[in-house]
Protein chains: 2
Amino acid sequence: MFSKSCQYGIRAVLFLAVYSSAEKRLGVTEIANKLEIPKHFLAKILQQLAKENLISSSRGPSGGFYLNKKNRKSNLKDIIEAIDGSQIFTDCILGLKECSSEKPCPLHFQAFGIKEGLNYQFEHQTIGEMAEKIVRTNLSI
Amino acid sequence: MFSKSCQYGIRAVLFLAVYSSAEKRLGVTEIANKLEIPKHFLAKILQQLAKENLISSSRGPSGGFYLNKKNRKSNLKDIIEAIDGSQIFTDCILGLKECSSEKPCPLHFQAFGIKEGLNYQFEHQTIGEMAEKIVRTNLSI
DNA sequence: CAAAAAGAAGATATGTCTGTCTTTTATTGT
DNA sequence: ACAATAAAAGACAGACATATCTTCTTTTTG
């Protein structure tokens, strides 16, 4: 479903959402250790997300990654699209280039339902709201 | 979502369901040409499906691949699991090894809904029924 | 100014996915 | 029995994803 990069990215963003703030920034090493993700691999993913303004970063001592208020208003779909692209939400499930309601593949209408579900699940709550839920119901990242 | 192998495999099985019978078998070359799939790549996929008795085959002149009555009663989930495995229906969407209702990841219950949808969509109709629908509503494979 | 940490780029290694080719085996029709 | 046909099987190669490690630059803090 999602690439490893994407899974790592989502977990890291949620970790930042729960444990970081503009005052308390987290270094790659710390995040990688806590989530058991290869450090240098995670660094690349976080840099990519920072470049797309989905997470924030600052250099220097006491620098690190964190989420600002605006970051907390993004949703999982933004993260997923930034890392894996939007194919999963848009492309034909059978890989046909020509596939539409006018010229549907055998799974077109079924896939439509699935994609609707994905969109709903990943778009209808913000990262901030998810962080709240993680703390409230003690979910493991 | 699905690997190329799986997409090719599904299309090939549906093609066989529509155009083949125990009397009219189709060679790899013919299927590969019609569906615009690399021939030798498709051969491997079909061999794998034949070994798992999801499609039928016979060698020699006028041999080829086809679906028998039993094959037509299998469903897409069988095909998908034979090629890509059952991960998409079972594994944690965030890649966590420990993820259950007791110790859920932040997406566990959302993913449950998505997986239910996948199961429903791919399990509730047989290959034979799909073939009928393809013919009836003129869907492109 | 020195230390800390991200940013950026590249080398390397491994593994999986995708794709091609060749050889072997089984079946059929003559 | 023989030749043709087609699947079965395995060897191989390139692309891409995943992962690790270096090196260097830039920015910021104390």
Side-chain angles (χ1 to χ4, degrees), chain A residues 1-12 16 20 22-33 35-68 71 80 83-85 87-88 94-95, chain B residues 1-12 16 20 22-33 35-68 71 80 82-85 87-88 91 94-95:
Chain A
M1 179 91 93
F2 298 138
S3 70
K4 273 252 155 54
S5 297
C6 195
Q7 294 177 338
Y8 289 161
I10 292 173
R11 290 175 59 209
L16 287 172
S20 83
E23 295 76 39
K24 189 171 183 325
R25 298 158 188 178
L26 304 178
V28 186
T29 309
E30 185 179 353
I31 306 171
N33 287 340
L35 300 184
E36 297 182 280
I37 298 175
K39 177 178 161 180
H40 297 94
F41 192 22
L42 178 60
K44 284 193 179 173
I45 298 166
L46 291 178
Q47 281 164 23
Q48 190 185 345
L49 291 173
K51 205 186 289 179
E52 305 208 26
N53 295 313
L54 290 168
I55 66 177
S56 307
S57 66
S58 67
R59 303 183 185 189
S62 88
F65 294 95
Y66 63 97
L67 299 194
N68 61 27
N71 296 148
I80 293 164
I83 301 175
D84 275 357
Q87 294 84 355
I88 198 169
L94 291 184
Chain B
M1 181 89 91
F2 298 137
S3 70
K4 271 250 155 57
S5 297
C6 196
Q7 294 177 338
Y8 290 162
I10 292 172
R11 291 174 59 210
L16 286 173
S20 84
E23 296 75 40
K24 189 172 184 322
R25 299 159 186 177
L26 304 177
V28 186
T29 308
E30 184 178 353
I31 306 172
N33 286 341
L35 300 184
E36 296 183 280
I37 298 174
K39 175 179 161 180
H40 299 278
F41 192 23
L42 177 62
K44 275 196 181 174
I45 299 165
L46 292 178
Q47 281 163 25
Q48 190 184 345
L49 292 173
K51 206 186 290 180
E52 305 208 27
N53 294 313
L54 290 167
I55 67 177
S56 308
S57 67
S58 67
R59 303 185 183 187
S62 87
F65 294 96
Y66 62 99
L67 299 193
N68 60 27
N71 297 148
I80 294 165
I83 301 175
D84 276 356
Q87 293 85 356
I88 198 169
D91 285 11
L94 291 183

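Computed from heavy atoms alone, side chains included, the values below leave out hydrogens, waters and symmetry copies.
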How many Å lie between [atom1] on [X] and [atom2] on [N], as a whole number?
X       : N      : atom1 : atom2 : value
A:Leu42 : D:dT18 : CG    : P     : 14 Å
A:Ile45 : D:dA19 : CD1   : C1'   : 10 Å
B:Ile31 : D:dA6  : CD1   : P     : 12 Å
A:Tyr66 : D:dT28 : OH    : C1'   : 12 Å
A:Lys24 : C:dA5  : NZ    : P     : 12 Å
A:Gln48 : C:dA6  : CD    : P     : 17 Å
A:Gln87 : D:dA17 : CD    : P     : 10 Å
B:Phe41 : D:dA9  : CZ    : P     : 18 Å

When you match A:Lys39 and B:Leu46 each to their closest nucleotide on DNA chain D, which lands nearer the 5' end?
B:Leu46
Most 5' of B:Ser57 and A:Asp84 on DNA chain D, judged by nearest nucleotide
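Here B:Ser57 is the residue nearer the 5' end.
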When you measure from the side chain of [X], which nucleotide among [options] comes out closest?
X       : options                : value
A:His40 : D:dA19, C:dT22, D:dC21 : D:dC21
A:Lys4  : C:dA6, D:dT18, C:dG19  : D:dT18
A:Ala50 : D:dA7, C:dT20, C:dG7   : C:dG7

Considering every strand and a 4.0 Å limit on heavy-atom distances, what is the contact class for B:Thr29: base, sugar-phosphate, or nothing?
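Result for B:Thr29 = nothing.
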Is the phosphate of C:dG19 approached by B:Tyr8 (side-chain N or O, under 4.0 Å from OP1 or OP2)?
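Checking B:Tyr8 against C:dG19: at least one side-chain N or O falls below 4.0 Å of OP1 or OP2.
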With a 4.0 Å cutoff (strictly under), does any side-chain N or O of B:Ser5 reach OP1 or OP2 of C:dT18?
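It does, given that an N or O in the side chain of B:Ser5 lies less than 4.0 Å from OP1 or OP2 of C:dT18.
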Looking at C:dG19, does its base get a donor-acceptor pair with the side chain of B:Lys44 below 3.5 Å?
yes
Return yes if the base of D:dA8 and the side-chain atoms of B:Gln47 contain a donor-acceptor N/O pair under 3.5 Å, otherwise no.
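Side chain to base: pair found, below 3.5 Å.
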Which pairs, protein N/O on one side and nucleotides 25-29 of chain C N/O on the other, fall under 3.5 Å?
from   : atom 1 : to      : atom 2 : distance (Å)
C:dT25 : O2     : B:Arg59 : NH1    : 3.0
C:dA26 : O4'    : B:Arg59 : NH1    : 2.8

Decide side-chain contact (heavy atoms from CB on, under 4.5 Å) for B:Leu26 and B:Phe65; before the verdict, give the C-alpha distance in whole Å, the side-chain angles of both, and the deciding distance to 0.1 Å.
CA-CA 5 Å; B:Leu26 304 177; B:Phe65 294 96; 5.6 Å; no
According to side-chain contact (heavy atoms from CB on, under 4.5 Å), who are the partners of [X], at least two apart in sequence or on a separate chain?
X       : answer
A:Ile88 : A:Met1, A:Phe2, A:Leu118
A:Lys44 : none
A:Ser5  : A:Ser3, A:Phe41, A:Ile45, A:Ile83
A:Ser62 : none

Can you list everything that forms a side-chain hydrogen bond (donor to acceptor under 3.5 Å, both in side chains) with A:Lys4? Sequence neighbours excluded, please.
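So A:Lys4 forms no side-chain hydrogen bond (donor to acceptor under 3.5 Å, both in side chains) with any residue.
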Is it the case that atom CD in A:Gln87 sees more than 12 heavy atoms from other parts of the structure closer than 6.0 Å?
yes
Check whether any side-chain heavy atom of A:Leu46 lies under 4.5 Å from a side-chain heavy atom of A:Ile31, and answer yes or no.
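Sidechains of A:Ile31 and A:Leu46: in contact.
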